[in-house]
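Take a look at the structure below.
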Amino acid sequence: MTLPGRRAWLIAGAVTGCLLSAIQILHDARVPVRFLPGVAARVNGREIDAAGVDRTVAGLDARLRNSQAAARERLVSRMIDEELLVQHALDSGAAETDPEVRAALVRAAIARVTSEISSQSVSESEIGAYYQSHRSAYASPAEFQVTPLYFASRSFPNMEDAERRADSARAAARAGQTVESLQRAADILPFGPPGQLATARTLANYFGPPLADELGRLQAGEATEPAAFGHGVLLLYLNRRVGGATPDLQSIHDLVQADALRSRQEAALEDLLLSLRKSARIDIAQGAHSDSQN
């Protein structure tokens, strides 16, 4: 190669090197990014709210925010890391396959709906309307004082004699016979029953739900239908009944307000799910419901 040719190659190489260096410098250079007001950072197009950063910094312990600028910088860096991990989890399909991630997303969606409703005040008229429509839920339960009349079978498992004696006692109660005389004809229970007023739920623990539930339909001086009990037959004589009382709204105002708010939250979540179902295409395999019940 002639001297002019070598010189041309050297010049061309130098120019190429300069161009490559310039391209690398331009590639590494950071072009200033403009942010809208209220944006602290942007990660793959997802923005981090500056107000949220400021609130978090303000809530930090004084020792941790002795340098507010440094604390803010650390917090923004941590939020960037968090956003990167969230995006990585979504890109990896964890939201579709990981049960814990799916459960967390469901909880977050519900929390978002309920928190939005919680920020809205419940009017006094709404509280009053909720109280009126749910008065029975706030009433204290009725209480009963009963005398159990137990008739043991003398030829168990044959119960005919016990049933006959129990029917006779119930007829005597209807005729107005005193409970003391009815007790004298009955046998002794194998355990001590409650002697004072008790709710139907408490009595159900002693005598079973069928007998306890029947008390609500009786008047004082009446007796329940006889029912098999242990090695005999049992009926309950109702001595007296104290009806449950409903407290006035003012005395339970805060409780009713909380219940009304919870009811509104449940309605909002139900409306959201209904809206999502309407806008979604949902295909269910034939027999899927019946299979899930087996």
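For the residue pair H253 and E124, a side-chain donor N or O sits within less than 3.5 Å of a side-chain acceptor on the partner. If you check the side chains of T147 and Q183, you find no donor sitting under 3.5 Å from an acceptor. In the model, S115 has no side-chain atom that pairs as donor or acceptor with a side-chain atom of S118 under 3.5 Å.
Panel note: side chain Q265, backbone T114; a donor-acceptor pair is recorded below 3.5 Å. With hydrogens and angles ignored, the 3.5 Å screen pairs no side-chain donor or acceptor of S263 with any backbone N or O of D259. With hydrogens and angles ignored, the 3.5 Å screen pairs no side-chain donor or acceptor of S77 with any backbone N or O of E73. With hydrogens and angles disregarded, no donor-acceptor distance shorter than 3.5 Å links the side chain of T199 to the backbone of P141. In this structure a side-chain-to-backbone donor-acceptor pair under 3.5 Å is missing from T224 to L235.
Within the structure, the salt bridge (Lys or Arg N to Asp or Glu O under 4.0 Å) test picks out the following pairs touching residues 165-176 (sequence neighbours left out): R165-D187, R170-E225.
The closest side-chain heavy-atom distance from R102 to L105 is not below 4.5 Å.
Below 30°, between 30° and 60°, or above 60°: for F229 and F191 the angle between ring planes is between 30° and 60°, a tilted geometry.
For Y138, there are no ring pair (Phe, Tyr, Trp, His ring centres under 6.0 Å) partners two or more places apart in sequence or in a different chain.
Residue L189 holds its CG atom at 11.5 Å from OH of Y206, rounded to the nearest 0.5 Å.
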